Amino acid sequence: MSPLLHLPNAQANPEIYNFTSYSDGEGTTEWGTGTVESTGVTSNGYTQVKVLTNSTDQSFVGQKFYISSDAEADGTTLYPLYTDAGTTAAGIYVKISEE
């Protein structure tokens, strides 16, 4: 699995990932599933992703969040999302996997 940061040509070939979202940092309360794409924007060690689909709440589609640029798309590690580059927690946790 490659970290999300390695996106040399993200605008021309966006990388799309599956996610499972959780309301807690332990991953015990699942919210839903969907897909995100990397926007190619990175800042302070975080990569911006845009929600493409969301199984439970369509109002999230199109929203952008930040995730650690070191995040691995392994489907098992839980990562917090941020509304900006790592300073404001969104209260959402995700596990990311390859599409």
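Bear in mind that the values here come from a model prediction, so they are computed numbers and not experimental data.
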Say you draw a straight line from CD of Gln48 to CG of Asp84; how long is it, rounded to the nearest 0.5 Å?
10.5 Å

Show, in sequence, the C-alpha distance, side-chain angles and deciding distance for Glu30 and Tyr22, and conclude whether the side chain to side chain contact (heavy atoms under 4.5 Å, CB included) test is met.
CA-CA 4 Å; Glu30 184 177 316; Tyr22 300 85; 3.8 Å; yes

Determine whether Phe65 and Val36 satisfy the following criterion, side chain to side chain contact (heavy atoms under 4.5 Å, CB included), listing intermediate values before the conclusion.
CA-CA 10 Å; Phe65 296 96; Val36 294; over 6 Å; no

Would Ser69 and Thr47 count as having a side-chain donor-acceptor pair, cut-off 3.5 Å?
yes

Determine yes or no for a side-chain-to-main-chain donor-acceptor pair under 3.5 angstrom, with Ser55 supplying the side chain and Gly32 the backbone.
no

Excluding sequence neighbours, so at least two apart, what forms side-chain hydrogen bond (donor to acceptor under 3.5 Å, both in side chains) with Ser43?
none

State the CG-CD distance between Asp70 and Glu72, to the nearest 0.5 angstrom.
8.0 Å

For the residue pair Ile92 and Ser21, what are the closest heavy atoms and their distance?
CG2-CB, 4.1 Å

Joint cluster assignment, Val51 & Val49, ILVMFWY side-chain distance < 4.5 Å:
yes

Might you point out which heavy atoms bring Gly91 and Trp31 nearest each other, and give the distance in Å?
O-CH2, 3.6 Å

Using the rule given for side-chain hydrogen bond (donor to acceptor under 3.5 Å, both in side chains), can you reason through Thr35 versus Thr53, listing the C-alpha separation, both sets of side-chain angles and the distance that settles it, and then say yes or no?
CA-CA 5 Å; Thr35 56; Thr53 63; 2.8 Å; yes

Is it the case that the side chains of Ser38 and Glu15 hold a donor-acceptor pair, with the cut-off being a distance below 3.5 Å and no angle test?
no

Any residue meeting side-chain hydrogen bond (donor to acceptor under 3.5 Å, both in side chains) with Thr29, in chain and number order, not counting sequence neighbours:
none

Could you check whether any side-chain heavy atom of Val41 comes within less than 4.5 Å of a side-chain heavy atom of Tyr66, counting everything from C-beta outward?
yes

Give me each pair satisfying ring-ring contact (aromatic ring centres under 6.0 Å, His included) with a member in residues 74-99, each pair once, sequence neighbours excluded.
Tyr46-Tyr82

When you compare the side chain of Thr20 with that of Val94, does any pair of heavy atoms fall below 4.5 Å?
no

Can you check whether Thr28's main-chain N or O pairs, donor with acceptor, with Asp24's side chain at less than 3.5 Å?
yes

Smallest heavy-atom separation, Glu26 atom then Leu78 atom, equals C-CD2, 3.7 Å

If I take atom OG1 from residue Thr39 and atom NZ from residue Lys64, how far apart are they, to the nearest 0.5 angstrom?
6.0 Å

Taken to the nearest 0.5 Å, the spacing of Asp57 CG from Gln63 CD works out to 8.0 Å

Determine, step by step, whether Ile67 and Ile96 satisfy the side chain to side chain contact (heavy atoms under 4.5 Å, CB included) criterion, reporting the C-alpha distance in whole Å, the side-chain angles of both residues, the deciding distance to 0.1 Å, and the verdict.
CA-CA 10 Å; Ile67 189 169; Ile96 302 289; 3.9 Å; yes

Separation of Lys95 NZ from Asn18 CG (nearest 0.5 Å)
14.0 Å

